[in-house]
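Comments concern the structure below.
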Amino acid sequence: MKKMAEIKHLKEVLDEKIMQSSQVFVTSHIIPDLDAIASMVGIVNICHSFGKQSYVLLDEDISKVEDRSIREILIDVKQQYPVIDVEKYRSIKTEKDLLIMTDVNKDYRTIVKNDLNNFQDIIVIDHHETDDYTVKTAYLYINPDISSASEIVTNLLHRYRIDYDKDCANYLYAGILLDTNNLTKNVTADTHMIASKLVKHGADISYVSSLFLDDFENDRKIQELIGYANLHTYSYMITLGKDRIYTRSDLAKAADYLLKFSGDASFAIGKLEESLIGISGRSKGKIH
């Protein structure tokens, strides 16, 4: 398992593998967030520039998505892009198809975890650390020093000189804001440059900011979760939810909020489903 060192190399691999494929399936992690959705949409735009049929591969029931901003964007994406579920994908899959995974590199976190061996080629584009569960492929572009998958994909769009639309720019800008906590963590000069390019390309800062506004009841739920927090030793703030069901976004917002207080890292833990526990971790930088 060898990582591609430079984005230039990633572009060369995309050039070759997209052209060789019959069609391209683009997917991300289960329960996708703004960064996952945005980076998938960006990759589909790249595939379309090659004249290749490509699909956003999702298994989300929009009516059950609790996060308002994600639900809103998923509705828009399904109206503008070819979005299919796993059942449809399996019915149209051919031997020469390409799988591109964004914002994820762990096999168990994808909706196609049981189908990975059916692809001759898989390209992984991510900013999370690898481990023993990282997808086994020769084409890994993983850089934990980059803020988000959206930053990587925006860089690619501009290297390809693709004239993506305002909606795509909004999604990518939102993905960067989400993973950087409004450009306050894991940010480099390149991140600001990429964000600037998105704004010049039509990203509406007011609209994107509105995606992060909480409604009153949801904010009360997050504040209740924060209220359970305790400082463990001198390093960690940990909060453990009670009987409520939370979204991944809820846990992320609670963990971000806890970084305002003493401690080098924070963790928010709660139920995502009755039988599924979610953990969101944040750091001020001292602790990996």
Side-chain angles (χ1 to χ4, degrees), residues 11 14-15 17-19 21-65 67-94 97-104 109-112 115 119 122-126 148-179 194 197-198 201-204 207-208 211:
K11 182 179 179 298
L14 286 168
D15 290 344
K17 297 303 177 182
I18 291 174
M19 286 302 297
S21 67
S22 297
Q23 53 191 353
V24 184
F25 298 99
V26 185
T27 194
S28 188
H29 52 78
I30 56 175
I31 315 180
D33 57 14
L34 292 172
D35 190 32
I37 297 167
S39 55
M40 284 190 287
V41 166
I43 291 296
V44 167
N45 273 275
I46 291 172
C47 294
H48 286 173
S49 73
F50 283 81
K52 289 290 181 177
Q53 179 62 60
S54 59
Y55 303 91
V56 175
L57 186 52
L58 286 172
D59 248 0
E60 298 302 307
D61 182 345
I62 293 179
S63 65
K64 294 181 179 180
V65 175
D67 188 288
R68 174 190 58 82
S69 59
I70 293 176
R71 184 171 63 248
E72 180 180 320
I73 286 181
L74 282 175
I75 291 171
D76 289 345
V77 168
K78 284 198 170 186
Q79 291 174 344
Q80 299 182 59
Y81 294 90
V83 178
I84 61 173
D85 59 19
V86 171
E87 183 178 358
K88 176 65 176 178
Y89 138 75
R90 287 174 177 159
S91 71
I92 62 175
K93 169 78 172 65
T94 71
D97 293 339
L98 172 66
L99 177 66
I100 301 178
M101 298 168 53
T102 71
D103 198 36
V104 65
R109 295 202 65 211
T110 75
I111 59 174
V112 290
D115 297 77
F119 288 93
I122 300 173
I123 299 174
V124 175
I125 302 171
D126 194 19
S148 57
S150 292
E151 180 179 336
I152 299 170
V153 171
T154 303
N155 194 336
L156 284 169
L157 285 166
H158 283 268
R159 285 173 180 266
Y160 277 107
R161 302 178 184 270
I162 293 173
D163 188 25
Y164 53 94
D165 63 19
K166 179 178 179 178
D167 287 335
C168 183
N170 282 334
Y171 305 154
L172 289 163
Y173 193 79
I176 291 173
L177 289 191
L178 174 73
D179 276 22
I194 290 294
K197 287 182 177 181
L198 289 168
H201 218 83
D204 184 335
Y207 166 71
V208 174
L211 295 174

Spacing of [X] atom [atom1] and [Y] atom [atom2] [to the nearest 0.5 Å]:
X: C168; Y: D76; atom1: SG; atom2: CG; value: 12.5 Å
X: L34; Y: N170; atom1: CG; atom2: CG; value: 11.0 Å
X: I37; Y: L58; atom1: CD1; atom2: CG; value: 7.0 Å
X: D103; Y: H29; atom1: CG; atom2: NE2; value: 4.0 Å
X: S21; Y: I123; atom1: OG; atom2: CD1; value: 9.0 Å
X: I46; Y: I18; atom1: CD1; atom2: CD1; value: 6.5 Å

Residues M101, I122; criterion side chain to side chain contact (heavy atoms under 4.5 Å, CB included); working and verdict: CA-CA 8 Å; M101 298 168 53; I122 300 173; 3.9 Å; yes
Side chain to side chain donor-acceptor pair (under 3.5 Å) contacts touching residues 48-59 (sequence neighbours left out):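 Residue pairs with at least one partner in residues 48-59: H48-S54.
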Aromatic ring proximity Y160/F50, centre distance under 6.0 Å: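 Under 6.0 Å, so yes.
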Any [X] side-chain heavy atom under 4.5 Å of [Y] side chain:
X: I73; Y: L211; result: yes
X: K197; Y: Y173; result: no
X: I75; Y: Q79; result: yes

From CA spacing to verdict: side chain to side chain contact (heavy atoms under 4.5 Å, CB included), D204, V208: CA-CA 6 Å; D204 184 335; V208 174; 5.6 Å; no
Please confirm whether the backbone N or O of [Y] pairs with a side-chain atom of [X], one donor and one acceptor, at under 3.5 Å?
X: H201; Y: Y164; result: yes
X: T27; Y: L57; result: yes
X: D35; Y: S150; result: yes

Matching residue for I194 among L157, V153, L172, I176 - test: side chain to side chain contact (heavy atoms under 4.5 Å, CB included):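 Per the side chain to side chain contact (heavy atoms under 4.5 Å, CB included) rule, the option paired with I194 is I176, out of L157, V153, L172, I176.
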Non-hydrogen atoms of I92 and I84 that approach each other most closely: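 Looking at all heavy atoms of both residues, the shortest contact is CD1-CD1, 4.0 Å.
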Trace of the side chain to side chain contact (heavy atoms under 4.5 Å, CB included) decision for D115 with K93: CA-CA 11 Å; D115 297 77; K93 169 78 172 65; over 6 Å; no
F25 and F119 aromatic ring geometry - parallel, tilted or perpendicular at 30°/60° bounds: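 Geometry flag for F25 against F119: perpendicular rings.
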Any residue meeting ring pair (Phe, Tyr, Trp, His ring centres under 6.0 Å) with Y81, in chain and number order, not counting sequence neighbours: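 Expected list: none.
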